[in-house]
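In the text below, chain A, chain B and the rest are named by the order of the sequence lines, each starting its count at 1.
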Amino acid sequence: MGFLDNLINGISLGSIYAVIALGYTLVYGIAKMLNFAHGDVIMVGGYLIFTCATTWGLNPYLSLVIAMAGCTVLGILIEKIAYKPLRQATSLSVLITAIGVSYFLQNIALLIFGANPVTFTSIVNLPKISLFDGQIIIKSETTAAIVVSVLIVVGLSLFVGKTKSGRAMLAVSEDKDAAQLMGVNVNRTISLTFAIGSGLAAVAGGLLCSAYPVLSNTTGAMPGIKAFVAAVFGGIGSIPGAMIGGILIGVIEILGRAYISPQLADAIVFAVLIIVLMVKPTGILGKKISEKV
Amino acid sequence: MAMLEIRDLCVNYGMIKALKGISFDVNEGEVIALIGANGAGKTTTLHTITGILSAKSGSVKFEGKELTKTPAHKIVRMGMAHVPEGRRIFQQLTVLDNLKLGAFTRNDAAGIAEDMEKIYGRFPRLAERKTQIAGTLSGGEQQMLAMGRALMSRPKLIVMDEPSMGLSPILVSEIFDIITSIRKDGTTVLLVEQNAKKALSIADRAYVLETGNITLSGKASDLINDEKVRKAYLGE
Ligand SMILES: Nc1ncnc2c1ncn2[C@@H]1O[C@H](COP(=O)(O)OP(=O)(O)OP(=O)(O)O)[C@@H](O)[C@H]1O
Ligand SMILES: [Mg+2]
């Protein structure tokens, strides 16, 4: 494995982190909460695709669409049932609830799918790319992760910047009461945010399980935490920040594993986060948190 | 029937009784001033009217429809706009995006464009700063943006919470001239002010709020000469 191989793998893993990080960043930016159950929605997405594509033999892309729909509904339900009643509660109560939701999803999956990991069949069906007379071969999963994440970031930026619903999200993110006075339905906007984040989690689940084909009820946990790190790293609340943070975390992890120590790779990721936060507490692209008048 | 009818309105913050049963009317075409000292309950009154706060008891009727159970985002659609205390513009968005958010409830692109031009005509400084991030505007410009944003919903009634707060005397006069011209265009105004003198000079009628009760009301031209009002609110 040459350096270039490692770099490409890092970018690919980082692209998946980026898609997950977008879910964290959107929800944090608009609902001002850390949805720690987000990683587990990825796992649910993985199992939904597995069930549709492998168990029922449906077309893999159709399976992905079904999983996106399923996770979107799940995200909306989680927000309605678990978080909405806590709108006025302290952030600590919300955080504890989110951890509760996370364990709930993991245990439901354990109940339904059992404790043995399943082998996920890749849903990506593209040709390999061969460079330098076959010295570097880019797997189709790698290409898919990078292309899909770029498309998502561009699409989401356009949505937030150019559409009415996107503008409503920005307004709610800055000042809920003032947004209401403009006629924005805050509850619906928060619902929409969870819907988008969770739909993207299904995509991330498909990409993640295609690249690393072992699926169990805790599959989403570690990538979820790392993507959270990526979101903070890039500046939580920022869409391009999530992309940059995701890719950096992926590259640091893979290069750390290859050149420093496979055991320490995760520790290195967190160490880098701590250093970045000491130098720039708001993350790479983070804005100063504006003071409320 | 008055355009806006407030009857026996009570609002609490936990144990604190902020409004203790106030009643007043705003008729179509009027400018009504609501004056009172710090903490009297002026902001609470406006927030309850536009649905940000919920009432403990009493009623708020706008064009005959009860509003106390209606969520804020629906009240805007009924034709009421709120220029909040401290302006509350969207600091991180551009002037243009703030104005577009003001028109959030509307779908008539042509009408929105027309109103946008009107607002740029009324506030030329906003026109020059369309693409500027709103948080970098001066205090006076931010106040103009907050007013322009509210006007973008084409309201029948506009409620304003201390629009002159923190502005230089020249700007204060400018803001009051704008309020007068808004009224001339046919929009009814409910104005909360600390600057009682200025407020009474442009209002038709006024109410004086003291720790959650309305203690005085009448024609603005009478109140401005009232002994108690002069002592308590005009600093004489
Ligand atoms: N969020 C809150 N929680 C508890 N008490 C509040 C809250 N907001 C206002 N109050 C109290 O309610 C009363 C009325 O406040 P309000 O803001 O309506 O006054 P105001 O007339 O607008 O004053 P000002 O001129 O200073 O803006 C005050 O005693 C205030 O301390
Ligand atoms: Mg006030």
Side-chain angles (χ1 to χ4, degrees), chain A residues 25-26 28-32 80 84-85 87-90 157-193 234-241 282-283 285-293, chain B residues 14 43 46-47 49-53 70-94 96-107 109 112 133-136 139 142 145-146 149-155 158-162 165-166:
Chain A
T25 261
L26 279 181
Y28 180 84
I30 285 132
K32 302 284 177 270
K80 278 244 146 52
K84 195 178 165 194
R87 251 340 122 62
Q88 313 298 333
T90 63
S157 302
L158 288 176
F159 175 76
V160 171
K162 303 277 180 217
T163 68
K164 222 168 146 172
S165 304
R167 213 174 290 123
M169 286 166 85
L170 292 174
V172 172
S173 142
E174 210 181 307
D175 187 335
K176 282 201 188 82
D177 284 347
Q180 287 190 67
L181 292 178
M182 302 300 110
V184 174
N185 183 336
V186 171
N187 284 331
R188 199 197 286 154
T189 305
I190 291 178
S191 237
L192 174 69
T193 310
I236 194 146
S238 156
I239 292 174
T282 52
L285 293 186
K287 293 197 194 96
K288 256 205 311 223
I289 293 156
S290 60
E291 283 168 68
K292 281 258 156 71
V293 191
Chain B
T43 299
L46 296 193
H47 277 166
I49 293 171
T50 52
I52 296 288
L53 284 174
T70 312
H73 67 90
K74 288 195 178 145
I75 292 176
V76 194
R77 278 165 217 272
M78 298 167 74
M80 204 192 293
H82 188 152
V83 182
E85 186 174 52
R87 297 151 197 147
R88 306 279 284 268
I89 53 163
F90 299 104
Q91 305 258 345
Q92 293 171 22
L93 305 184
T94 61
L96 183 61
D97 277 337
N98 269 275
L99 292 175
K100 282 184 179 166
L101 274 161
F104 187 81
T105 51
R106 297 171 58 184
N107 289 311
I112 293 173
I133 299 295
T136 62
Q142 293 196 11
L145 180 56
R149 186 180 68 171
L151 289 170
M152 283 305 292
S153 67
R154 248 189 216 186
I158 187 164
V159 307
M160 302 190 191
D161 200 341
E162 304 203 27
M165 190 167 57

Report all side-chain donor-acceptor pairs from residues 73-83 of chain B shorter than 3.5 Å, counting only partners two or more places apart or in another chain.
unit_1	atom_1	unit_2	atom_2	d
B:R77	NH2	A:G183	O	3.2
B:H82	ND1	B:T50	OG1	2.7

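Heavy-atom distances place no part of B:S153 under 4.5 Å from chain A, backbone and side chain included. With a threshold of 4.5 angstrom between heavy atoms, B:I52 approaches chain A through side-chain atoms but not through N, CA, C or O.
Taking the side-chain contact (heavy atoms from CB on, under 4.5 Å) definition, one finds that B:L96 meets it with B:T94, B:K100, B:M116, B:Y120, sequence neighbours left out. A search for salt bridge (charged side-chain N to carboxylate O under 4.0 Å, His left out) contacts involving A:R188 returns nothing, not counting sequence neighbours.
Here the side chain of B:Q92 pairs no donor or acceptor atom with the backbone of A:E174 at under 3.5 angstrom.
Using non-hydrogen atoms only and a strict 4.5 Å limit, the part of residues 164-173 of chain A facing chain B consists of A:K164, A:R167, A:A168, A:L170, A:A171.
Expressed to the nearest 0.5 Å, how far CG of A:L181 lies from CZ of B:F104 amounts to 13.0 Å.
Looking at heavy atoms from C-beta onward, B:R149 lies in side-chain contact with A:M182 at the 4.5 angstrom threshold.
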